[in-house]
Amino acid sequence: MKLVIQGGRVIDPANDIDQQADLYLQDGKVAALGQAPEGFEADQVLDASGQIVVPGLIDLCAHVREPGYTQKGTIASETRAAAAGGITTLVTPPDCKPIVDTPAVVELIIDRAEAAGNARVLPMGALTQGLKGEQLAPLHALHSSGCVAFSNVRQPVRSSLALMRSLEYAATHDLLVQFQPQDESLTGKGCMHEDTTSSRLGLDGIPEAAETVEVARCLLLVEQAGVRAHFGQLTCERSVKMIQGSRERGLPVTCDVAIHHFFLTDENVAGFDSNFHVMPPLRSQLDRAGLRQALLAGDVQAICSDHQPHEAAAKQAPFAATEPGITGLETLLPLALLLVEQGMIDLAQVIDRLTCGPAKILGQSELGNLSVGSAADVCVFDPEEKWTLTDDNCQSAGRNTPFMDFEFKGQVTATVFGGKVVYQRAEQG
Amino acid sequence: MFEPIDANQIQLNSQGQLKHFLTTEGLSRELLTEILDTADSFLDVGERQVKKLPLLRGTTVANLFFENSTRTLSTFELAAKRLSADVLNLNISTSSTTKGESLRDTLMTLHAMHADMFVVRHSDSGAAHYIAQHVTPDVAVINAGDGRHAHPTQAMLDMLTIRRHKGDFSKLTCAIVGDILHSRVARSQIHALRTLGVAEVRVIGPQTLLPRHIEALGVMVYTDMNEGLKDVDVVMMLRLQKERMNSALLPSESEFYKLYGLTEEKLAIAKPDAVVLHPGPINRGVEIESSVADGPRSLILDQVTNGLAVRMAVMSMAVSGQMQEKQNNGENA
C-alpha cells in the first residue's frame, strides 16, 4: 500500500519541519518527505492543499470503556471517534472491568483494537492488583504483553511503603509509572473544586491540597526509587511547579493536562450542569492561567483528552450523583487549535504537545513524528474550516460534553493510521 | 466561554412570575416582598373556624421527601390542604433508590399521574434545579431543601418573622450562628437578607464550619461570637448535627456550646431588643440554652406559624405562574 499526501503544509515538531511538501507513505511507514522515493507509484492520493499535515495525535489518557462498560462505549466506537479526531494512538487507563492486572486483559484490548483497525491502543496496566493499593501487579508480565505504563489511577495506595516498593519494582524493569494524583481523604465525597462557587452551591469541595499533597508524596518516593514517572491530568498550577522543580533537579518526571482544564473553571459549575462534572475537578481561573503558561513554557509536555464517554443516564441526576467525565476525543485538536487562535501558543508548539511530546513520555521513538521509517500515522486538518459538534456528527458513543453545539475552527479532513486512511471527512455540500 | 444558566431562567416564567421555587438567590426584592405580602394575607386563615381557601382546588401536590423529615413534610402537607389541594406524601429514603435514573423514573411516573406540584427534599445539592430544568419543567417544583444548597421556604419564613417583628429590613444587623458549612438554611437566609436590603449580615462559627470564601456572598465573617453578636438585631441560630462531632470538625459538644452556644449571657451582648430565630428542631444545651429558646425574645414558635403561611404563598404563586406560562404557550402555539 502506497499513499501520498499532496500539497499540504507539513508540521513535524520532532524534526523542526514546517513547510509545504508531499508526504510519501509505504508499507505502514513514512517513506519520504518532499521527493518521492525511487519507483514510488501511489495507490492512493490525498489532496491536502490548503491543509495542515501533522503526525497522528497521541492521547495519553482515553477511557475506551471496554471491557466492562460497553454501555458507555466500545473499543470500536471510541477508536472510530479517535480517528475522526485525528488521534492515531490512545493510551487507556487500567480501570476497566476486569481491571488490567493480567496479561489476558491486555491481549483482549489489543486484539479488539486491532480488529477495529481505527487506531493504536496502548493499555496502561494496574500498578497494584485490582487497583487495591496493596499487592504489586505482575508488572513485568503486563509489560511483555504490551502495557506501556503502570498506574493506580485515582485509587489510593494508602501505604507509602507499598507505593515505594511498587515504584522500586517498576524501576528494576525500567517501566514508566503514571500517577493521577488525588489524596483520598482530602477528596472525600467532593465533586468540584473547593472555592467560592462550591461554597455558594453547597457542593462538597475538593481542595487544591488533595492534588498537591499527593504530588509531593509521589515526587519524594519517585526520587527515592529512581523510577520514570508521569503525572497525568494535573489541574493545579502549584502541582506543575513542583514537578518542574523536580525536573530541574534532574528527576525523570513529566506531566500532562487534560484539554478542558485550559478552558473551563469551577465557575462553569454554577448552573449545576452535569457536563461540567469532571474528575479531577475544574479549578480556579488562576490555575487555568497558570496551566496555560506552563504549557507554553514546556513545563507541561503533553495535552490529553481524558476522554470519558458516558451513556445519557449517567449524566441525568443531580450534579453530585452524576458520573464525572467529558467525552473528548473529537474536541482535543479543535480545542488545541482554539489555544492557538487565542494567541496563547504557536501552532507548532501545540502540535508538539499532541505528538512528539507524548511520544517522548512513552519512549516511543517511531510515533509522534514523520521521520523516514516512523509509523505512517498522519492527521490532516483544514485550519480554517468552521464546524459544530452535534449529536449527529459525534462519533463517540458518549455525548457528554459541554462543547456539544459549540462552533470550532479547524476540522480533521483525513486520518491515516499505519499507512491506511481510517477517516475521511464527508465531502462538503 | 459558557454562561452558566441563572436559576431565574428556570424558576421564573416569561412574565417574571414564580413558576418553581428553587432558591432565594437572584430573586428580586419585589418578588421576595410579594411572597411576604402574600404570606401575610394567609396568616389569618389559620385563626378562622374554617381554615381552607379554594386556591388549589383540583390540583395535586406530591410531597417527595428523599431525605427524612417529619416537620417540614407536615407543614407542606398542611399548607397544601389549607389551599384545598389533593396531597400525596412520598417518603423515599435515598437508600432504597439507586442514584440518578430512578429519581428520574420516580418523577416521570408521578408526572404521568398529572401531579401539578412537586415539593422536593433531597440530599443532593441542585436536585430541585435538576428536576425543574430537566425532568418536569411543567410541574411546579418547590425546593424543600437540597443538600447544602438551599432551603428557600425556611429562609422566607424567617424573613416574614423578622419583618413582622422588626419592620424595616434596612436598619437591621443579622447574625447567623453555628454550622454554616453544612447549612442550606444559612445560604438561603444570606441571599434573602441581602436582597431585602439589611444593613449587615454576619456569619459566626469556627473556621471548620465556615465554607471557603463565604465572604464572597457579601457577609462579614466572625469566629468569635462575643465580637460577632455586638449590635445585632436578629440572632439566627442553626442546628448542629450530632455527626459533626465525629469528623474532626469540632472537639466536643460542650466546647462548641461554650464558644458558640446561645446562652443568656451571650444574648446580652446583642442589642437589648434583639430577637432569636432557630429553624428547629433545637438541640437544647448544644447550640442554644433552654431559657433562651423558651424566653421572651425567642420567635421559634412564630416561625412555625409563619412557615405555614409562607408555604401556602409560594405554592399558590408557583401554580399560578405555571398556569400563566401554559396559557402563554397555548396562545403562541
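Just so it is clear: chains get the letters A, B, ... in the order the sequence lines come, proteins before strands, and each one is counted from 1.
- Using a 4.5 Å cut-off between heavy atoms, H129(B) touches chain A through its side chain atoms alone.
- A donor-acceptor pair under 3.5 Å links the side-chain atoms of S125(B) to the main chain of G202(A), judged by distance alone.
- At a 4.5 Å heavy-atom cutoff, the contact between R187(B) and chain A is made by side-chain atoms alone.
- Contacts between E3(B) and chain A at a heavy-atom distance below 4.5 Å are absent for every atom of the residue.
- Of all residues spanning residues 201-209 of chain B, none has a heavy atom less than 4.5 Å away from chain A's heavy atoms.
- Annotation: the span from H213(B) atom NE2 to T197(A) atom OG1 amounts to 10.5 Å, rounded to 0.5 Å.
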Passes side chain to side chain contact (heavy atoms under 4.5 Å, CB included), D204(A) versus R148(B)? Steps please.
CA-CA 9 Å; D204(A) 284 310; R148(B) 303 172 181 185; 2.9 Å; yes
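- Using a distance-only test at 3.5 Å, with no hydrogens or angles considered, a donor-acceptor pair links the side chain of S199(A) to the main chain of R212(B).
- Counting only distance, with no hydrogens or angles, the side chain of Y130(B) and the backbone of Q316(A) share a donor-acceptor pair below 3.5 Å.
- You'll find the ring centres of F2(B) and F403(A) inside the 6.0 Å limit.
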Side chain to side chain contact (heavy atoms under 4.5 Å, CB included) between H149(B) and R200(A), worked out:
CA-CA 7 Å; H149(B) 172 242; R200(A) 197 160 65 77; over 6 Å; no
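- At a 4.5 Å heavy-atom cutoff, D273(A) makes no contact with chain B through either its backbone or its side chain.
- Residue pairs meeting the salt bridge (charged side-chain N to carboxylate O under 4.0 Å, His left out) criterion with at least one partner in residues 306-322 of chain A, sequence neighbours excluded, are K72(A)-E311(A).
- To the nearest 0.5 Å, the span separating CG on D124(B) from CZ on F272(A) amounts to 10.0 Å.
- In this structure, chain A has no heavy atom under 4.5 Å from any part of Q9(B).
- Looking at every heavy atom in both residues, P318(A) comes nearest to H122(B) through CG-CE1, 4.3 Å.
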